[in-house]
Amino acid sequence: MSREIKTLCPYCGVGCGLLATSDGARISKVRGDPKHPANFGKLCPKGASVAQTVDVATRLRSAFVRERETEFTPVSPSIAIRHAAQRLNQVIQTHGPESVAFYLSGQMTTEAQYLAGKFAKACLRTNHCDSNSRLCMSSAAAGMNLSLGSDGPPVCYDDINHADAFFFIGSNAAECHPVTFARVKERLDRGAKCVVADPRKTATAQAAHVHLAVRPGTDLALLNGLLHLLRKWDKLDATYIANHTDGWSQLERILPDYSPPRVALICGIEEADLLAAAQVLAGAKRFMTFWTMGVNQSVLGTFTSSAIINLHLATGQIGKPGAGPFSLTGQPNAMGGRDAGYMSHQLPGQRFIADPQHRAQMETFWNLPPNHLQPHPGYDAVRLFDAAAAGEIKAIWIIGTNPAASLPNLKSVRAGLEAAELVIVQDAYNPTETNRFAHVLLPAAINLEQSGTFCNSERRVTLMEPVVAPPGDARPDWWWVQQIAQEMGYGRGMSFANAAAIFDEFARSTAGRPNDQSALHHKLLRERGPQQWPYPAMGQSQSRRYEDGRFPTPTGKARLLAREHVELDDRPTRAFPLILTTGRLLNQWHTRTKTGNVPLLNKLDPAPYLQMHPQDAGELGLHDRQHVAVASRFGEATTFLKLDDSITPGVCFMPIHWNDLWAQGASPNEAASNLRDPISKQPALKAVAVRVTPANMTPTTPPQLPAATHAGALR
Ligand SMILES: Nc1nc2c(c(=O)[nH]1)N[C@H]1C(S)=C(S)[C@@H](COP(=O)(O)OP(=O)(O)OC[C@H]3O[C@@H](n4cnc5c(=O)[nH]c(N)nc54)[C@H](O)[C@@H]3O)O[C@H]1N2
Ligand SMILES: Nc1nc2c(c(=O)[nH]1)N[C@H]1C(S)=C(S)[C@@H](COP(=O)(O)OP(=O)(O)OC[C@H]3O[C@@H](n4cnc5c(=O)[nH]c(N)nc54)[C@H](O)[C@@H]3O)O[C@H]1N2
Ligand code: SF4
Ligand SMILES: [Mo]
């Protein structure tokens, strides 16, 4: 008998609720949940077609093991678990616990993120446990922590209904957060105003009243320039500044350097456009600023995030309906992961490894002896693979991410994966660029096949219910972690009956913290529907933070931070005259393991390319659809040329979705910069100086695993 079950879209951080109809074996229909506050029934093409990614030929249905150089052999879950546990124990005995690293993902459930982090940091005692949030939101998180005293956006989706101006900076929300953008679009249709800062005339920019086609890496100058104008026009909120912030005098001191002519010059925009943008903000009763990777993935990502927050603090545009800085969440559960402490400098409940009090609190919570937790933050994602290449990290366990495609510095990533004695990859699909490096390959259940929670962009926790059973031997991510932990002898503290029990422990760990969700549990979420944290509210509003003007900093005030623009190291030179930026397309998801299975999505966004202005192509003697090599001082990628005058001359763009499985060397990350933000350690994936020349590109045939019906696998 068919039933309609409540679950969640597995793609972006908008976190749309889904209703999936299934007879338990097959999903016959998916529609948007009309009651879910993230989407009220709406879905974008990815969410609407998600049923076509479940029972597909590329699902990983069995565990595999591979001894060095030999072929993959299908094995039963119990053999895989025993093998992984033995090999991990061997590595730890020979090289110590800190030779083991974990690389986790914002696409795992909070339960799996929490359990994997606990296993690494509390059981094994290695802090080398990072996640792909390092590539995604670590600058935004660092900016929010520094400026506001806590991670997590202050606003909610409903604020969109109360704002009369919107500023998108480094965000192509029309393609990357389409359902949220549709809400903004409705407001624009009724007269609200919109400014977009992006070097490309994206779908988002096309909806804007003012499009600032900034030179990559100049957003900080732009933001200081806007604040300069708002101050000059007497649009600041002196009372709010005085009562609720620290640092105004230092910030005020740097503003005169950001005069309109200078800012226009730095950003490569017209002064009139800068003034028009400032007028939109000055004329708004309430405005919201959305930012994502165009800001975060830069050496200035943390500073620029703080500069966005400055704009809101100085104008008092925060803590009230329709106002506030909104860092949109990339992955569906990146917020849950940061709440669960899945980065190498974090512990659960927005605690930090480097803080002795926070370590002591978690030692008590986890029943560990004092000083059990390692006191130093572990390696970030990039350093972790470098350390593997250098022979320091000997075992890497990768869950729900595809680093051999998505990290910069790919040569080092591959070298690290080759050099490691033990690579465990837990993925739901095969092939991927990373799977071929595995010694142990574990088949994961996806989120339509398990119960667990995701926390979306507006801090809303939704429970997903299993719609169909996982195929073959696939199991939830937390289950694999728990089984291997128990096999290694960590029974205590790693014996949960189900995802709900893990959630309960995670939720308790947040009690009294800024992201308190200690009163949430699966049953409540099932009965009352998705909820925002803080929960319990403790007298605060759940939908909007900081309404009382108090911030979780030592002084109770938010920090205005004076951050100066500096020129990027990767400026164009004679040898590398263009700036390459990278990003997303509406109908593809990251490395395409899911969206690659959906015919309609592949018809809409079929192939990789390098987007270039015809004027640049003319000067370089290149023509449309030609194969080209894109070389930087770090490496070289190959792709097709696509001429398009919606991009700023001097800048070119490659989507990130097509990597080695498409064609050897197709990933833009072959040429990515290895520079990083010094505070958040976030890689500067949005700007690298390149040269583009004619080349040849050869398609790859994907590597195959031997067929394994789970019944036939080695037991
Ligand atoms: N369809 C789809 N949606 C997705 C995803 C997906 O794979 N596909 N992934 C999800 C994830 S994990 C994330 S993190 C988000 C990312 O969401 P976004 O950040 O909106 O997406 P990107 O395309 O990475 O980058 C946004 C824009 O930054 C611009 N940009 C580049 N350099 C600069 C700069 O220096 N300054 C400014 N102002 N802009 C710049 C680029 O031209 C690009 O249009 O999307 C999420 N949603
Ligand atoms: N040049 C450049 N590089 C970038 C970016 C950019 O803008 N430019 N963006 C960066 C950002 S923001 C991000 S978030 C990353 C994304 O990069 P990745 O995280 O590497 O991308 P995905 O393709 O989403 O990888 C997820 C993997 O997990 C698998 N999977 C899916 N569901 C499950 C599950 O439930 N369990 C398990 N175990 N596996 C599952 C998928 O098959 C896939 O192999 O890329 C980063 N890299
Ligand atoms: S907007 Fe994001 S969460 Fe919503 S359906 Fe599309 S991909 Fe899924
Ligand atoms: Mo991301």
Side-chain angles (χ1 to χ4, degrees), residues 8-18 30 32-33 36 38-39 42-50 105-107 131-138 140 167-182 196-205 212-220 222-223 267 290-301 304 327-334 401 406 454 456-457 462 568 579-592 594-595 601 604-605 611 646-648 651-657 682 684-688:
L8 258 176
C9 177
Y11 293 114
C12 82
V14 173
C16 296
L18 288 184
V30 156
D33 180 348
H36 198 291
N39 57 320
K42 284 207 178 74
L43 293 177
C44 80
K46 292 184 299 302
S49 62
V50 71
S105 166
Q107 297 170 60
S131 79
N132 58 2
S133 277
R134 191 65 68 183
L135 315 177
C136 184
M137 300 182 67
S138 58
F167 181 18
F168 289 85
I169 177 163
S171 154
N172 182 11
E175 295 199 63
C176 296
H177 298 91
V179 167
T180 302
F181 189 71
V196 173
D198 194 304
R200 302 184 301 139
K201 195 165 179 70
T202 57
T204 313
L212 304 170
V214 292
R215 219 160 43 83
T218 60
D219 301 274
L220 185 46
L222 173 68
L223 289 156
C267 299
F290 298 82
W291 84 99
T292 43
M293 295 310 124
V295 166
N296 296 342
Q297 291 173 338
S298 154
V299 291
L300 293 172
T304 309
S327 154
L328 291 169
T329 300
Q331 300 179 86
N333 197 33
T401 176
S406 56
F454 277 3
N456 75 7
S457 267
T462 302
L568 297 187
I579 289 288
L580 172 70
T581 187
T582 56
R584 291 155 172 81
L585 306 178
L586 174 63
N587 298 292
Q588 296 291 352
W589 178 260
H590 295 168
T591 69
R592 294 179 68 248
K594 283 181 178 160
T595 49
L601 300 181
L604 295 170
D605 280 320
Q611 182 187 29
S646 68
I647 190 161
T648 314
V651 179
C652 50
F653 169 83
M654 265 177 94
I656 61 173
H657 308 294
Q682 177 148 359
L685 292 163
K686 284 290 187 268
V688 63

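All ligand and atom numbering here is 1-based and tracks the order in the structure.
Between atom CG of residue Asn132 and atom CE of residue Met137 there is a gap of 11.5 Å, rounded to the nearest 0.5 Å. Taken to the nearest 0.5 Å, the CG atom of Leu135 stands 6.0 Å off from the OG atom of Ser406. A distance of 9.0 Å separates CD in Gln588 from CG in Leu604, rounded to the nearest 0.5 Å. In this structure, CG on Asn587 lies 8.0 Å from CD on Glu175, to the nearest 0.5 angstrom.
Contacts between Gln588 and ligand 1 below 4.0 angstrom, taking non-hydrogen atoms only, involve the backbone exclusively. Residue contacts with ligand 1 for Leu585 involve N, CA, C or O but no side-chain atom from C-beta outward (heavy atoms, distance under 4.0 Å). Residue contacts with ligand 1, taken as heavy atom pairs separated by less than 4.0 Å, involve Pro216 via backbone and side-chain atoms alike. The part of Cys12 lying near ligand 1 is the side chain, judged by heavy-atom distances below 4.0 Å. With a heavy-atom cut-off of 4.0 Å, Leu586 touches ligand 1 through its backbone alone. The proximity of Gln297 to ligand 1, defined as any non-hydrogen pair under 4.0 Å, does not occur for either the backbone or the side chain.
Nearest-heavy-atom check against atom 12 (S) of ligand 1 across Lys594, His590, Arg592 picks out His590.
Ligand 1 has no nitrogen or oxygen under 3.5 angstrom from a nitrogen or oxygen of Arg215. Here's the thing with Met293: one of its N/O atoms is less than 3.5 angstrom from an N/O atom of ligand 1. Distances between N or O atoms of Lys46 and those of ligand 1 include at least one value under 3.5 Å.
Scanning the protein heavy atoms around atom 40 (C) of ligand 1, the nearest turns out to be Pro199 CD, 3.3 Å. With hydrogens left out, the protein atom closest to atom 32 (N) of ligand 1 is Thr581 OG1, 3.5 Å, a heavy atom. Summary of contacts: the protein heavy atom closest to atom 27 (C) of ligand 1 is Asp198 OD2, 3.2 Å. The protein non-hydrogen atom at the shortest distance from atom 24 (O) of ligand 1 is Arg584 NH1, 2.7 Å. The protein heavy-atom contact nearest to atom 38 (N) of ligand 1 is Asp219 OD1, 2.7 Å. Residue, atom and distance of the protein heavy atom nearest to atom 18 (P) of ligand 1 are Thr292 OG1, 3.3 Å. The closest protein non-hydrogen atom to atom 25 (O) of ligand 1 is Lys686 CE, 3.3 Å. From the protein, the heavy atom lying nearest to atom 28 (O) of ligand 1 is Gly294 CA, 3.4 Å.
In this structure, Pro10 and Val50 have side chains that are in contact, with non-hydrogen atoms separated by less than 4.5 Å.
Of all atoms in ligand 1, numbered sequentially from 1 with element shown, those under 4.0 Å from a heavy atom of Glu175 are 1 (N), 2 (C), 3 (N). Interface of Gly583 with ligand 1, defined as ligand atoms under 4.0 Å from a residue heavy atom, comprises 22 (P), 23 (O), 24 (O). Annotation for ligand 1: atoms under 4.0 Å from non-hydrogen atoms of Gly217 are 34 (C), 35 (O). Atoms of ligand 1 lying under 4.0 Å from any heavy atom of Gln331, numbered from 1 in the order shown and given with element: 12 (S). Shown in contact with Thr202 at under 4.0 Å from a heavy atom are these atoms of ligand 1, numbered in order with element: 44 (O). Each of the atoms 14 (S) of ligand 1 lies under 4.0 Å from some heavy atom of Cys136. Close contacts between ligand 1 and His657 involve ligand atoms 7 (O) [criterion: under 4.0 Å to a heavy atom].
Excluding waters, the protein N/O/S atoms found under 2.8 Å from atom 2 (Fe) of ligand 3 are Cys12 SG.
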Task: side-chain contact (heavy atoms from CB on, under 4.5 Å) evaluation trace for Val688 with Leu580 - done: CA-CA 5 Å; Val688 63; Leu580 172 70; 3.9 Å; yes

TODO: Check step by step if side-chain contact (heavy atoms from CB on, under 4.5 Å) holds for Trp291 and Ser327.
DONE: CA-CA 5 Å; Trp291 84 99; Ser327 154; 3.6 Å; yes

Open item on the list: Using side-chain contact (heavy atoms from CB on, under 4.5 Å), reason through Gln331 and Tyr11 one step at a time and then give a plain yes or no.
Closed with: CA-CA 7 Å; Gln331 300 179 86; Tyr11 293 114; over 6 Å; no

Task: Intermediate values then yes/no, side-chain contact (heavy atoms from CB on, under 4.5 Å), Ser298 and Lys686 - done: CA-CA 6 Å; Ser298 154; Lys686 284 290 187 268; 5.8 Å; no

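Without hydrogens or angle criteria, Asn39 side chain to Gly17 main chain gives a donor-acceptor distance under 3.5 Å. Under a 3.5 Å cut-off, the side chain of Gln682 and the backbone N or O of Ser138 do form a donor-acceptor pair. Of the possible donor and acceptor atoms, one in the side chain of Thr595 sits under 3.5 Å from a partner among the backbone N and O of Trp589. Listed for the Thr202 side chain is no donor-acceptor partner under 3.5 Å among the backbone atoms of Asn172. Looking at His177, its side chain never comes within 3.5 Å of a backbone N or O of Gly13 through a donor-acceptor pair. In this structure a side-chain-to-backbone donor-acceptor pair under 3.5 Å is present from Asn456 to Val14.
Residues passing the salt bridge (charged side-chain N to carboxylate O under 4.0 Å, His left out) test with Lys42, sequence neighbours excluded: Glu186.
Gln107 and Asn333 form no side-chain donor-acceptor contact under 3.5 Å, judged by distance and modelled atom types alone. For the residue pair His36/Thr462, the side-chain donor-acceptor check at 3.5 Å is satisfied.
Assignment of Met137 to the shell around ligand 1 is not supported, since no heavy atom sits closer than 4.0 Å. Residue Ser171 places a heavy atom less than 4.0 Å from ligand 1. Using a 4.0 Å heavy-atom cutoff, Phe653 is absent from the residues neighbouring ligand 1.
The side chain to side chain contact (heavy atoms under 4.5 Å, CB included) test with Val214 is passed by exactly one of Val651, Thr648, Asp219: Asp219.
Between Phe168 and Phe181, the ring-plane angle classifies as perpendicular under the 30° and 60° cut-offs.
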